[in-house]
Asks: 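Below you'll find the structure I mean.
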Amino acid sequence: MTTALNTLFITLEGARLNKEGERVVVTLHDEKKAEVPLRHLRSVVCLARAWMTPELLESCVEAGIHVSFFGMTGRFLARVEGLPGGNVLLRRAQFRAADDGARTLEIARAVVVGKLGNARQFLMHARRDAVEERKPVLEEAVRRLSGHLRALERAEDLEQVRGLEGIAARDYFEVFPSLLKGEARRFTFDGRNRRPPRDPLNALLSFGYALLAQDCAGALAGVGLDPAVGFLHEDRPGRLSLALDLMEELRAPVVDRLVFSLVNRGQLKPEDFKTEAAGGVLLRDEARKAFLVAYQSAKQVEVQHVFLGQQTSWGLVPHLQALLLARVLRGELDGYPPFAVR
């Protein structure tokens with residue numbers, strides 16, 4: 001369990017939540033694990049299967065504390081709250097901001113700054129471990145990303161932000177072959193492609209991004225935001241645009257890092273994929289299971305949240321960022337602080 005931004009995150013499978021006086025008490029197998037005053041909470045997020053007494057649930061509803069439940073894979077299941085109150089006001093604030101050009105530009109720019117900053121950091125880490133002949137290529141990519149970050153500060157409208165994001169993505173993916181080591185060099189990568197992915201690395205990236213997008217959609221729904229109304233990504237029927245916005249800053253440190261870790265360690269090989277008649281490349285069943293296990297394990301890894309100044313797990317980062325975005329939309333924060341890797 002952990003608390004952040006007035007939210008109690010339950011991560012222990014089988015935890016029991018009771019009300020004792022005006023406190024929430026969390027126990028596991030009759031052992032007390034945490035105790036939090038109700039007045040300090042704005043929400044409870046259950047990321048593991050947990051029991052909550054009716055008395056506590058009633059108190060949460062009466063106090064305006066919403067309770068969210070997620071499946072073991074991070075899929076959003078349900079949200080419990082009392083009569084519509086702050087939630088509808090939050091959604092209206094989201095819709096108004098999405099219709100406001102200046103606020104849309106501000107949030108979209110922050111999202112892309114987070115994406116490019118973390119992509120640059122990922123390449124800087126890779127450069128440190130690269131063989132000498134590959135370091136200049138990675139250095140040049142880092143230099144270009146730094147230039148795009150500076151240009152973002154001068155972007156005057158959303159189209160410029162989107163244009164810079166697209167150019168930066170091309171520069172970033174261009175150096176992916178330089179990140180392959182040893183036997184993993186049998187993988188080929190000729191730029192990002194999808195729908196369907198046409199090589200194993202793109203298949204892994206697409207699969208990982210799809211998982212991350214669902215995690216982000218669940219986190220946004222958990223705080224009462226509409227995952228379909230975004231800022232960087234345009235509204236489109238069936239598209240979770242705000243979830244795609246939120247995942248941008250997490251693509252490189254979560255998915256890209258995991259993909260290259262798996263292939264460079266030989267845990268996934270070109271033989272773990274199959275090509276369909278139409279040319280699309282898919283993971284074989286065992287490879288998909290291995291990736292899912294690795295993805296869930298990666299979510300337990302501890303990381304420093306620089307803005308909040310505390311340690312957390314990768315699995316909680318989308319929830320924390322969704323809470324921060326909600327505060328921005330409510331006017332409680334001046335600007336959206338994207339998650340930054342150090």
Side-chain angles (χ1 to χ4, degrees), residues 1-91 93-94 211 214-227 243 246 296-297 299-303 305 308 310-327 329-330 332:
M1 271 94 49
T2 186
T3 55
L5 296 168
N6 303 106
T7 297
L8 173 62
F9 292 96
I10 305 298
T11 54
L12 287 175
E13 183 77 0
R16 183 179 178 86
L17 284 74
N18 299 301
K19 183 186 177 195
E20 291 185 8
E22 292 304 311
R23 293 163 297 143
V24 179
V25 176
V26 184
T27 57
L28 182 68
H29 308 311
D30 297 326
E31 180 184 351
K32 186 180 289 187
K33 295 292 186 182
E35 187 174 316
V36 184
L38 262 171
R39 67 178 184 280
H40 288 176
L41 289 178
R42 290 174 68 167
S43 59
V44 178
V45 176
C46 297
L47 295 165
R49 281 172 288 196
W51 297 90
M52 179 177 285
T53 62
E55 183 188 13
L56 174 58
L57 191 58
E58 182 180 338
S59 295
C60 286
V61 167
E62 288 176 346
I65 301 168
H66 68 251
V67 183
S68 302
F69 296 93
F70 292 79
M72 294 302 292
T73 60
R75 184 170 61 90
F76 175 73
L77 297 176
R79 188 171 189 270
V80 179
E81 62 180 338
L83 290 172
N87 190 30
V88 68
L89 297 180
L90 175 61
R91 284 201 300 273
Q94 178 188 0
L211 296 174
Q214 288 306 311
D215 284 348
C216 290
L220 292 164
V223 302
L225 289 167
D226 187 335
L246 189 64
Q296 293 302 327
S297 296
K299 287 162 69 171
Q300 306 304 317
V301 173
E302 291 284 308
V303 62
H305 197 296
L308 297 178
Q310 67 181 72
Q311 287 287 114
T312 187
S313 65
W314 275 119
L316 290 188
V317 171
H319 298 271
L320 296 173
Q321 294 306 118
L323 285 165
L324 289 170
L325 180 58
R327 290 195 171 189
L329 294 170
R330 288 194 188 100
E332 298 170 1

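Any value given below was found using the heavy atoms of this structure, including those in side chains, with hydrogens, waters and symmetry copies removed. Being a predicted model, the structure only gives us computed values, none of them experimental.
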Asks: Just do the side chain to side chain contact (heavy atoms under 4.5 Å, CB included) check on V223 and L325 with the steps written out, would you?
Replies: CA-CA 10 Å; V223 302; L325 180 58; over 6 Å; no

Asks: Checking side chain to side chain contact (heavy atoms under 4.5 Å, CB included) for the pair L47/L316: CA distance, chi angles, key distance, verdict?
Replies: CA-CA 9 Å; L47 295 165; L316 290 188; 3.0 Å; yes

Asks: If every non-hydrogen atom of A50 is compared with every non-hydrogen atom of I10, which pair is closest and at what distance?
Replies: CB-CG2, 4.0 Å

Asks: Before you tell me yes or no, could you show the steps for W314 and D215 under side chain to side chain contact (heavy atoms under 4.5 Å, CB included), namely the whole-Å CA-CA distance, both residues' side-chain angles and the distance that decides it to 0.1 Å?
Replies: CA-CA 11 Å; W314 275 119; D215 284 348; over 6 Å; no

Asks: Check side chain to side chain contact (heavy atoms under 4.5 Å, CB included) between R79 and all other residues, then give those that pass, not counting sequence neighbours.
Replies: H66, S68, F76, E81, N87

Asks: Which residue, V44, V80, N6, forms the side-chain contact (heavy atoms from CB on, under 4.5 Å) with I65?
Replies: V44

Asks: Please evaluate residues V26 and L12 with respect to the criterion side chain to side chain contact (heavy atoms under 4.5 Å, CB included), reporting the C-alpha separation (whole Å), side-chain torsions for both, the decisive distance (0.1 Å), and the verdict.
Replies: CA-CA 10 Å; V26 184; L12 287 175; 5.7 Å; no

Asks: Filter on side-chain hydrogen bond (donor to acceptor under 3.5 Å, both in side chains), then keep only pairs touching residues 50-64, sequence neighbours left out; what's left?
Replies: K19-S59

Asks: How close do L77 and F70 get, counting heavy atoms only, and between which atoms?
Replies: CD1-C, 3.6 Å

Asks: Between L28 and A15, what is the shortest heavy-atom contact and its length?
Replies: CD1-N, 3.8 Å

Asks: Could you work out, with side chain to side chain contact (heavy atoms under 4.5 Å, CB included) as the rule, every residue matching A243, not counting sequence neighbours?
Replies: C216, A217, L220, L240

Asks: Between L323 and S43, which heavy-atom pair has the shortest distance, and what is it?
Replies: CD2-OG, 4.4 Å

Asks: Can you tell me how far CD of Q321 sits from NE2 of H305, rounded to the nearest 0.5 angstrom?
Replies: 4.0 Å

Asks: Judged by atom type as modelled, is there a donor-acceptor pair below 3.5 Å linking the side chain of E35 to the main-chain atoms of V25?
Replies: no

